[in-house]
Trainee: 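Got a structure for you, written out below as structure tokens; questions coming shortly.
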Number of protein chains: 2
Amino acid sequence: MAHKPRSEMIAETRRKLVTAARRAFGTVGYADASMDDFTAEAGLTRGALYHHFGDKRGLLEAVIAEIDAEMNTRLCAISAKAGNRWQGFVDECLAYVEMALEPEIQRIVLRDGPAVLGDPSTWPTQNACIGSLTESLRRFADEGTIVAADPEALARLLNGAMLHASLWIANVPDPEATSKKAVQALRTFLDGLLTENRGSR
Amino acid sequence: MAHKPRSEMIAETRRKLVTAARRAFGTVGYADASMDDFTAEAGLTRGALYHHFGDKRGLLEAVIAEIDAEMNTRLCAISAKAGNRWQGFVDECLAYVEMALEPEIQRIVLRDGPAVLGDPSTWPTQNACIGSLTESLRRFADEGTIVAADPEALARLLNGAMLHASLWIANVPDPEATSKKAVQALRTFLDGLLTENRGSR
DNA sequence: TCATTCACATACGCCGCGTATGTGAATGGC
DNA sequence: GCCATTCACATACGCGGCGTATGTGAATGA
């Protein structure tokens, strides 16, 4: 039984570390996750962690990058299967709110991430989600579907609104009912952007 | 020279601790703020801190409560001086975005707060800001100024949008220009809520 | 085959937190 | 006005987590 080549072993080590850290960060949170503990859980030591990721922070970045990539994939799949583009956009927004309800995403990406790494808009990875939002809005604005405004600014506002809606929903006694109200309100906001709903001005 | 009564000394101690902690949290951040350091800076020790606030977390709560109260006062003053109520509401929203640009507010309330204390919607204090937003929206909905939707949900979404706009503005190379774009986009969202701007539906 | 690189493990010291304990000053009843 | 009690803090101790410096064995390449 020949050993795997070195490059594969390295990749496997990185994946083990990211996976173990992801579980730890997602459950007890970044601050309370002991590097000794979750590296041991992965059958490794802190030495491997420092070698590959520099420090705890670097590992968090890698974990977030992974989660963000998954989120982006899921969102693209959703918007792709809609009838028309605006509907796809709306679906994507609603799906984003639902995704942000997942404890792992909420804890790592929405709470600990900003605290440790700073504002998400400065993350290289966050461009994935924000970027596609912006691009969609730009096209809608260009073709007159929505009112004219800076697409990136609209995207940021929308993103913040959705994100906070998720935090709110997840921390309320009755998430089901609250979710309905939030989705309804989000639709209201989005409808307000459509030129066909605007009368004067 | 008679000493001050004990109750005043206690209040003074608490204020000293809160003030010192507020400065430390606002500059180096919660995680990197050494309790030994900033209690010493206040001429005290960690003993006083644990006696009054239980732990570091409790002190953060006190600091946030103080900042939140100040924010609410400032916001009320702004909305009070506007011509009509809707204009006052819009002014308040824009002022909120600007306030959230202040480094101390951003770091303590918007970044470290959620990470350490959990979602702001679960803080007893946050009701100050969210509560007044909700109340305003409820009245606008009742009198038909804005479209019908759950006021609290709208308030949460709005709050999230404004908050993220601030984070975005503060972390961009050119805050001035970005601020203009964000404010413009925020107006777009708010205008979209007005029934007088809605045609069909 | 041997020197080199490199992926990790091991070992050490420091710092920060929480707690248990000590102390002196202010209170309150007689 | 004296004394017991409370209480607001300070001091002392131990523990765990992080970062770094150093060691080691296996894979590479000439």
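The model shown is predicted, which means the values in this text are computed figures rather than measured ones. Lettering of chains follows the sequences in order, A, B, ..., and the numbering in each one begins at 1.
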Trainee: Under a 4.0 Å N-O cut-off, is there an ion pair linking A:Glu66 with A:Arg15?
Mentor: yes
Trainee: Would you tabulate the pairs of protein nitrogen or oxygen atoms and nucleotide nitrogen or oxygen atoms of nucleotides 20-22 of chain C closer than 3.5 angstrom?
Mentor:
none

Trainee: Can you give me the closest heavy-atom contact between B:Leu157 and A:Ala165, atom names plus distance?
Mentor: CD2-CB, 3.6 Å
Trainee: Provide, to the nearest angstrom, the distance between the CG atom belonging to A:Leu44 and the C1' atom belonging to C:dA9.
Mentor: 10 Å
Trainee: In whole angstrom, give the distance that lies between atom CG of A:Leu49 and atom P of C:dC8.
Mentor: 11 Å
Trainee: Assess whether side chain to side chain contact (heavy atoms under 4.5 Å, CB included) is satisfied between B:Leu75 and B:Ser132, documenting all intermediate values.
Mentor: CA-CA 10 Å; B:Leu75 287 180; B:Ser132 65; 5.8 Å; no
Trainee: May I have the distance from B:Asp32 (atom CG) to D:dG19 (atom P), rounded to whole angstrom?
Mentor: 10 Å
Trainee: Determine, for A:Arg156 against A:Glu152, whether the closest basic-nitrogen to carboxylate-oxygen distance falls under 4.0 angstrom.
Mentor: yes
Trainee: Starting the side chain at C-beta, find the nucleotide from C:dC8, C:dA9, D:dA10 nearest to A:Thr45.
Mentor: C:dA9
Trainee: Does A:Thr13 put a side-chain nitrogen or oxygen below 4.0 Å from OP1 or OP2 of C:dA7?
Mentor: no
Trainee: Atom NZ of A:Lys16 to atom C1' of C:dA7: distance rounded to whole Å?
Mentor: 13 Å
Trainee: Starting from C1' on D:dC7, measure out to NE2 on B:His52 and report it in whole angstrom.
Mentor: 10 Å
Trainee: At a cut-off of 3.5 Å, list every protein nitrogen or oxygen paired with a nitrogen or oxygen from nucleotides 15-18 of chain C, distance to 0.1 Å.
Mentor:
from   : atom 1 : to      : atom 2 : distance (Å)
C:dC17 : OP1    : B:Ala33 : O      : 3.3
C:dC17 : OP1    : B:Lys56 : NZ     : 2.8
C:dC17 : OP2    : B:Met35 : N      : 3.1
C:dG18 : OP2    : B:Tyr50 : OH     : 2.3
C:dG18 : O5'    : B:Tyr50 : OH     : 3.3
C:dG18 : N7     : B:Arg46 : NH2    : 2.4
C:dG18 : O6     : B:Arg46 : NH2    : 2.6

Trainee: Taking the minimum atom-to-atom distance to the side chain of B:His51, which one of D:dA8, C:dA9, C:dA7 wins?
Mentor: D:dA8
Trainee: In terms of heavy-atom contacts, does CD of B:Glu176 have more than 12 from other residues, nucleotides or ligands at under 6.0 Å?
Mentor: no
Trainee: What is the distance from CG of A:Leu59 to C1' of D:dG19, rounded to the nearest Å?
Mentor: 15 Å
Trainee: Hey, could you give me the CG/CE distance between A:Leu49 and A:Met35, rounded to the nearest 0.5 Å?
Mentor: 4.5 Å
Trainee: Quick one: CG on A:Leu59 to CZ on A:Arg57, what's the gap to the nearest 0.5 Å?
Mentor: 12.5 Å
Trainee: Nearest whole Å is fine: how far is C:dA7 C1' from A:Phe53 CZ?
Mentor: 13 Å
Trainee: Identify the nucleotide, in any strand shown, that forms a Watson-Crick or G-U wobble pair with C:dG22, with both distances under 3.5 Å; if there is none, say none.
Mentor: D:dC9
Trainee: Quick check against the 3.5 Å criterion: does A:Ser166 have a side-chain atom that pairs as donor or acceptor with the backbone of A:Val97?
Mentor: yes
Trainee: Does B:Arg139 CZ have over 12 foreign heavy atoms under 6.0 Å away?
Mentor: no
Trainee: Rounded to the nearest angstrom, tell me the gap between atom CD1 in B:Ile10 and atom P in D:dA8.
Mentor: 5 Å
Trainee: Which nucleotide, if any, forms a Watson-Crick or G-U wobble pair with D:dG1, using both distances under 3.5 Å?
Mentor: C:dC30
